[in-house]
Amino acid sequence: MSDKWNVADLPDQTGRTIVVTGPTLGGLGHHTALELARRGARVILAGRNPAKVEETVGAIRGEVPDAALEALHLDLASLGSVRTAAAAVAQVGAIDVLVNNAGVMGTSYSRTADGLELQLATNHFGPFLLTGLLLPQLVQSADGRVVTVSSMFHNFAGKAPLGDPREQRGRYSKWRVYGQSKLANLYFTAELDRRLTAAGLPVRALAAHPGFAGTHLAANGQYGRSAGGIASILDAGVKAVSQSAAAGAWPSLMAATADLPGNTFVGPSGLQQMAGPPRIVGRSKLARNEGAARRLWEISEETVDLEYP
């Protein structure tokens, strides 16, 4: 795969049904959905704020008047909401691609109604449950794909999030936990793909990261306050020219449509993977720990009360 992948390389998506979570106007999900709709896909936009989802639907229709779009209410921080959303999607038939794009970043300590830490709930446990519930429809497509959006922050996890997810031990570090949630995305992708292959199911799991894209990270102005390695990556990102959210969506689009093997990680090809055309990238040594990926899977099934088929 050359470093020259371009959004123009997106193949025709007519006849394909794709679910994209987190389609906030101007964000990665919006641009991912826009390009897929432009190529003829039927796109289901799943977000927690119905008014905001409609805003994105309107923006996409402004560029692609005949776009086949559907809105779905989904709050990934609520396991009940995930189940309700999955039940609603059951009626659409086969799903070709699920893009687990939605996420929260660097939030203050808080617990969801399910008793889970907010970042891990939204970024990992919610998508874990959603993917499991939609798996029969992904299998139905005969060439299904799950794309989960991770981050370079997986490098700053420190350790795998393998403790009791309903218990807080020690001081809460929002950036450390964010890194752990993004590490969890890579564990989930690797273990899901391993299990799909072992079961002989026609679905692949891949991961992508946007580099330093001009989305909510910059908008929230949350950089420069954390110590150590995280501060330096943010600092480097600020100094580098961050790429647009549209370009940040390219790795997700490549992972969703290019002919790539399962458990591939796609990110920008430029300096420190901050920006540039997408290509296959590596991951941290910790992220390659298969034992940790398996253990997190067991914890996750127990936490969301779902055994994958």
Side-chain angles (χ1 to χ4, degrees), residues 1-13 16 18 20-41 43 59-60 63-64 96-103 105 143 145-155 182 185-186 189-190 193 204-219 223 233-284 287-288:
M1 183 65 65
S2 86
D3 284 354
K4 299 290 184 254
W5 189 94
N6 187 293
V7 75
D9 297 330
L10 266 180
D12 181 30
Q13 299 295 304
R16 305 185 87 214
I18 300 176
V20 179
T21 69
T24 308
L25 189 68
L28 299 174
H30 167 197
H31 288 284
T32 302
L34 168 63
E35 296 308 331
L36 293 167
R38 207 195 294 279
R39 295 301 188 289
V43 185
I60 293 174
E63 286 195 53
V64 188
D96 297 281
V97 186
L98 166 62
V99 183
N100 287 315
N101 166 78
M105 174 190 280
D143 184 20
R145 208 176 284 215
V146 177
V147 177
T148 301
V149 180
S150 182
S151 164
M152 290 186 294
F153 265 85
H154 84 272
N155 289 298
K182 296 287 103 180
N185 293 154
L186 291 174
T189 299
D193 197 72
R204 279 175 274 184
L206 297 91
H209 83 80
F212 188 79
T215 60
H216 53 105
L217 171 68
Y223 30 68
I233 191 174
L234 289 172
D235 195 38
V238 176
K239 288 194 184 97
V241 178
S242 79
Q243 61 181 356
S244 67
W250 284 19
S252 297
L253 289 163
M254 178 174 162
T257 61
D259 186 18
L260 297 166
N263 196 25
T264 298
F265 190 23
V266 181
S269 56
L271 181 68
Q272 293 184 312
Q273 296 176 32
M274 291 284 184
R279 65 174 172 90
I280 295 170
V281 296
R283 61 196 87 184
S284 70
R288 297 192 299 272

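Values below: every heavy atom of this structure, side chains too, minus hydrogens, waters and symmetry copies.
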Pairwise side-chain contact, [X] with [Y], heavy-atom cut-off 4.5 Å (strictly under):
| X | Y | value |
| --- | --- | --- |
| Trp5 | Pro278 | yes |
| Leu260 | Val266 | yes |
| Arg279 | Pro268 | no |
| Val149 | Pro210 | yes |
| Gln13 | Arg38 | no |
| His30 | Thr24 | no |

Next item on the list: Apply the test side chain to side chain contact (heavy atoms under 4.5 Å, CB included) to residues Asn185 and His154: give CA-CA distance (whole Å), side-chain angles for both, the deciding distance (0.1 Å), then the verdict.
Entry: CA-CA 9 Å; Asn185 293 154; His154 84 272; over 6 Å; no
Between atom [atom1] of [X] and atom [atom2] of [Y], what is the distance when rounded to the nearest 0.5 Å?
| X | Y | atom1 | atom2 | result |
| --- | --- | --- | --- | --- |
| Phe265 | Gln273 | CZ | CD | 7.0 Å |
| Trp250 | Leu28 | CH2 | CG | 14.0 Å |
| Leu10 | Arg39 | CG | CZ | 4.5 Å |
| Ser252 | Asn100 | OG | CG | 10.5 Å |
| Leu206 | Met254 | CG | CE | 9.5 Å |
| Leu98 | Thr148 | CG | OG1 | 7.0 Å |

Notebook entry, point to check: Any donor-acceptor pair under 3.5 Å linking the side chain of Asp193 with the backbone of Ala190?
Noted result: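 Between the backbone of Ala190 and the side chain of Asp193 there is no qualifying donor-acceptor contact (under 3.5 Å).
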Item checked: Test item: Ser284 side-chain N/O and Ala287 main-chain N/O as donor-acceptor pair under 3.5 Å -> yes
Over all atoms of both residues, closest heavy-atom pair of [X] and [Y]:
| X | Y | result |
| --- | --- | --- |
| Ala208 | Val147 | CB-CG1, 4.4 Å |
| Ser150 | Lys182 | OG-O, 2.9 Å |
| Ala102 | Thr21 | N-OG1, 2.9 Å |
| Ala245 | Gly26 | CB-O, 3.2 Å |
| Ala255 | Ala207 | CB-O, 4.3 Å |
| Gly22 | Asn101 | O-ND2, 3.0 Å |

Check: With Arg204, which of Thr264, Thr189, Asp143 fulfils side chain to side chain donor-acceptor pair (under 3.5 Å)?
Finding: Asp143
Check: Ile18 and Thr32: side chain to side chain contact (heavy atoms under 4.5 Å, CB included), yes or no, with the steps?
Finding: CA-CA 10 Å; Ile18 300 176; Thr32 302; over 6 Å; no
Next item on the list: I would like to know whether Arg283 and Asn263 meet side chain to side chain contact (heavy atoms under 4.5 Å, CB included); could you show each step before the answer?
Entry: CA-CA 11 Å; Arg283 61 196 87 184; Asn263 196 25; 3.0 Å; yes
